J.: 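Got a structure here, written out as C-alpha cells. Questions coming.
Since the model is a prediction, treat every value here as computed from it, not as a measurement. In what follows, chains are A, B, ... by sequence order, proteins preceding strands, each numbered from 1.
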Number of protein chains: 2
Amino acid sequence: MVVHKDQIRDDIVSVAAKIFTRFGYKKTTMEEIAMASRKGKSSIYYYFSSKEDIFKAVVEKEAEELKKDLKMAIDEVENPINQLKKFILFRMHKLKTLTNFHTALKSDSLSHFKFIENIRKEYDQDEIEIVTRILKIGIEREKFVIDDPDLAAVALVTAMKGLEIPLFINKEHGRIEDRLENLIQFLFFGLIKQ
Amino acid sequence: MVVHKDQIRDDIVSVAAKIFTRFGYKKTTMEEIAMASRKGKSSIYYYFSSKEDIFKAVVEKEAEELKKDLKMAIDEVENPINQLKKFILFRMHKLKTLTNFHTALKSDSLSHFKFIENIRKEYDQDEIEIVTRILKIGIEREKFVIDDPDLAAVALVTAMKGLEIPLFINKEHGRIEDRLENLIQFLFFGLIKQ
DNA sequence: TAGATATTCGAATATATTCTCCGAATTTCA
DNA sequence: TGAAATTCGGAGAATATATTCGAATATCTA
C-alpha cells in the first residue's frame with residue numbers, strides 16, 4: 001500500500017543520509033545503502049530511480065529540517081535584533097549537522113546535478129523571506145530605520161554568506177558571538193535606533 | 001639521495017595513514033594519496049610498488065608506535081600488578097587511535113593480505129613477551145604465585161583479547177577501570193599473594 | 001481462494017573508476 | 001656535461017559500481 005511505501009522510502013533516506021554524511025556522495029555505494037537498509041540492491045531501485053535520486057531526497061529532507069528549525073528558533077526570541085543574531089548563529093550551528101545539505105550548497109563537484117541549483121535558489125528565497133519579516137517587524141516597532149527592507153534583507157543575507165566561511169573555519173566558538181555583535185553593528189550602522 | 005627518499009616515503013606514509021583512517025582501505029584511492037602528498041599519481045609508484053605496499057607501511061608504522069608506547073607506559077609504573085592494569089588499559093586506549101593497525105588485526109575483508117598474518121603473529125609474540133616479563137618480575141618480588149609464567153602469559157593475553165570487544169563497545173569510560181579490577185582479580189584468582 | 005498488484009532479490013550488463021605501468025620530460029648532483 | 005634520480009601525463013587492464021531484467025514471493029482485493 002502507498003502509505004507503507006512512503007515509510008520505507010523515508011527509512012532508506014534516513015539510512016542513506018548517515019552514509020552520505022560519513023563518506024560523501026561519491027564514496028557511498030548503492031550496495032552499502034542497500035545493506036544498511038537490509039534490502040537487496042535492486043529493491044532500492046524500486047523506491048528510487050537512481051543514486052542521485054536518493055541523494056536528492058536526503059538533501060531535500062535536510063533543507064526542510066533547517067527551514068523548520070530556523071523558524072522555530074527565531075520564534076523563541078522577542079527583540080528583532082536578537083532574532084537576527086539568533087538567525088545567523090543558529091543557522092551556522094545547525095548547518096554543521098546537516099552535512100549533505102551543506103555540501104550540496106558548497107561543493108562544485110556536485111553542481112552538475114540540476115536539482116541542486118533549485119535547492120539553492122529555494123533556500124536563498126526562504127532566507128531572504130525570513131530576514132525580511134524580521135526587518136519589517138523591527139521597523140514597525142521602531143527598532144530599525146530602513147527605507148527598503150526587501151533590499152536590506154537581500155544585502156544582509158548576502159553579507160552573511162560572505163562572512164560564513166571565516167566564521168566556519170574559526171574554531172574558537174566562544175568568540176563567534178562577540179564577532180557577531182560587531183557584524184550586526186557593522187551591517188546596520190546608522191540603521192538601528194539608539 | 002637515499003636519505004631524502006626515505007624521508008619522502010615517510011611523508012607519504014603519514015599522509016596515507018590519515019586517509020586510510022578516515023575512509024578505510026577500499027575507499028582510499030591512489031589518486032587521493034597522491035594529491036594529498038602533492039605528487040603525481042605515478043610518483044607514488046616510484047616510492048611504493050602498490051597500494052597494498054603503502055598500507056603495509058602504514059600498519060607497520062602504527063604497530064611500531066604501539067609497541068614502543070606500550071613499553072614506555074609500563075615502565076612508568078612500579079608494582080607488577082599495576083603494570084598489568086596499565087598494560088591492558090593503555091593498550092585499549094591506544095588502539096583506538098591506531099585505526100589502521102586495529103582494523104588490520106580485526107577485519108577479515110583484509111585478511112587476504114599475507115603481510116597482515118605476519119603482523120598479527122609478531123604483535124601477539126610481543127604482547128606475550130611483555131606480559132611474561134611482568135609476571136616473572138612479579139614472581140621474583142613475591143607478588144604472584146605462578147608455576148609456569150610463560151603459560152600464564154599466554155592465557156592472560158588470550159583472555160584479554162576475549163574481553164577486548166565488550167570493553168571496546170562499552171562507552172562508559174569511567175567504569176572500565178572498575179571492571180578491569182574485577183578482570184584481574186578473576187584471572188589471577190588465587191595467584192596473587194595477599 | 002484466484003487473480004492482480006506490489007515488492008523482493010539474484011544475476012547480467014553497461015558504465016565508471018581505479019590501479020598499475022610506460023616512457024618521456026625534468027631535476028639533481030658529481 | 002652526463003648519468004642517475006625523480007616526476008608526471010596518459011593509456012590499458014582490471015575492478016568496482018550503478019542500473020536493469022526477469023523470475024520468485026508476498027500482499028492485497030474482491
J.: Please give, in whole Å, the distance from D:dA5 P to B:Q7 CD?
T.: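 The distance from CD of B:Q7 to P of D:dA5 comes to 19 Å, rounded to the nearest Å.
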J.: Is any side-chain heavy atom of B:D11 closer than 4.5 Å to one of B:Q7?
T.: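 When only atoms from C-beta onward are counted, B:D11 and B:Q7 do touch, with a gap below 4.5 Å.
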J.: Rounded to whole Å, how long is the line connecting atom CE of B:M30 with atom C1' of D:dG10?
T.: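 Answer to the nearest Å: 16 Å.
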J.: Axis-to-axis angle across the helix from C:dT1-D:dA30 to C:dA30-D:dT1, five pairs an end, to 10 degrees?
T.: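 End axes: 30° apart.
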J.: Has A:K51 got a side-chain atom pairing as donor or acceptor with A:T28's backbone, closer than 3.5 angstrom?
T.: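 Here the side-chain-to-backbone pair exists.
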J.: A:R9 CZ to C:dA6 C1': how many Å, rounded?
T.: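 Between C1' of C:dA6 and CZ of A:R9: 16 Å.
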J.: Can you tell me the distance, in whole Å, between the CG atom of B:D6 and the P atom of D:dA5?
T.: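 Computing the B:D6:CG to D:dA5:P distance gives 14 Å.
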J.: If the condition is side chain to side chain donor-acceptor pair (under 3.5 Å), which residues does A:E52 pass it with, not counting sequence neighbours?
T.: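 Side chain to side chain donor-acceptor pair (under 3.5 Å) check on A:E52 returns A:K114.
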J.: If I compare all heavy atoms of A:I128 with all of A:A153, which pair ends up nearest, and what's the gap?
T.: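 Closest approach of A:I128 to A:A153: O-CB, 3.9 Å.
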J.: Would you call A:K67-A:E129 a salt bridge at under 4.0 Å N-O?
T.: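 Result for this pair is no, no salt bridge flagged.
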J.: Just verifying a value: how many Å separate B:L110 CG and B:F115 CZ, rounded to the nearest 0.5 Å?
T.: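 Here the interatomic distance stands at 7.0 Å.
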J.: Please evaluate residues B:K27 and A:E32 with respect to the criterion salt bridge (charged side-chain N to carboxylate O under 4.0 Å, His left out), reporting the C-alpha separation (whole Å), side-chain torsions for both, the decisive distance (0.1 Å), and the verdict.
T.: CA-CA 12 Å; B:K27 280 180 195 276; A:E32 279 173 306; 2.7 Å; yes
J.: Could you tell me how far apart A:D11 (CG) and C:dT7 (C1') are, to the nearest whole angstrom?
T.: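 After rounding, the gap between these two atoms is 15 Å.
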J.: Let me know the distance between CZ of A:F55 and C1' of D:dA18, rounded to the nearest Å.
T.: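 Whole-Å distance recorded here is 16 Å.
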J.: May I ask you to list the residues of residues 15-26 of chain A, by number, that have any heavy atom positioned under 4.0 Å from an atom of DNA chain D?
T.: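 Result for residues 15-26 of chain A: none.
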J.: Taking atom C1' of C:dT17 as reference, at what distance in whole Å does atom NZ of B:K27 sit?
T.: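 So the NZ-C1' distance, B:K27 to C:dT17, works out to 13 Å.
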J.: Looking at B:F48, does the NZ or CZ of B:K56 lie under 6.0 angstrom from its six-membered ring centre and within 45 degrees of the ring axis?
T.: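 Negative - B:K56 is either too far from the ring of B:F48 or too far off its axis.
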J.: Give the residues of residues 34-51 of chain B touching DNA chain D, defined as any heavy atom closer than 4.0 Å, sorted by residue number.
T.: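 When residues 34-51 of chain B is checked for heavy atoms under 4.0 Å from DNA chain D, the hits, listed by number, are B:K39, B:G40, B:K41, B:S42, B:S43, B:Y46, B:Y47.
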J.: Among all residues two or more places apart in sequence or in another chain, which pass the side-chain contact (heavy atoms from CB on, under 4.5 Å) test with B:L66?
T.: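 Residues passing side-chain contact (heavy atoms from CB on, under 4.5 Å) with B:L66: B:L70, B:K94, B:L95, B:L98, B:F101, B:Y123.
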J.: Using atom types as modelled and distance alone, determine if a side-chain donor or acceptor of B:E62 lies under 3.5 Å from a backbone N or O of B:N100.
T.: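 Answer holds: yes.
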J.: Rounding to an integer number of Å, can you tell me how far B:I12 CD1 sits from D:dT7 P?
T.: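 The answer, rounded to whole Å, is 8 Å.
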J.: Checking B:K41 now: which residues fulfil salt bridge (Lys or Arg N to Asp or Glu O under 4.0 Å) with it, not counting sequence neighbours?
T.: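 B:K41 satisfies salt bridge (Lys or Arg N to Asp or Glu O under 4.0 Å) with no other residue.
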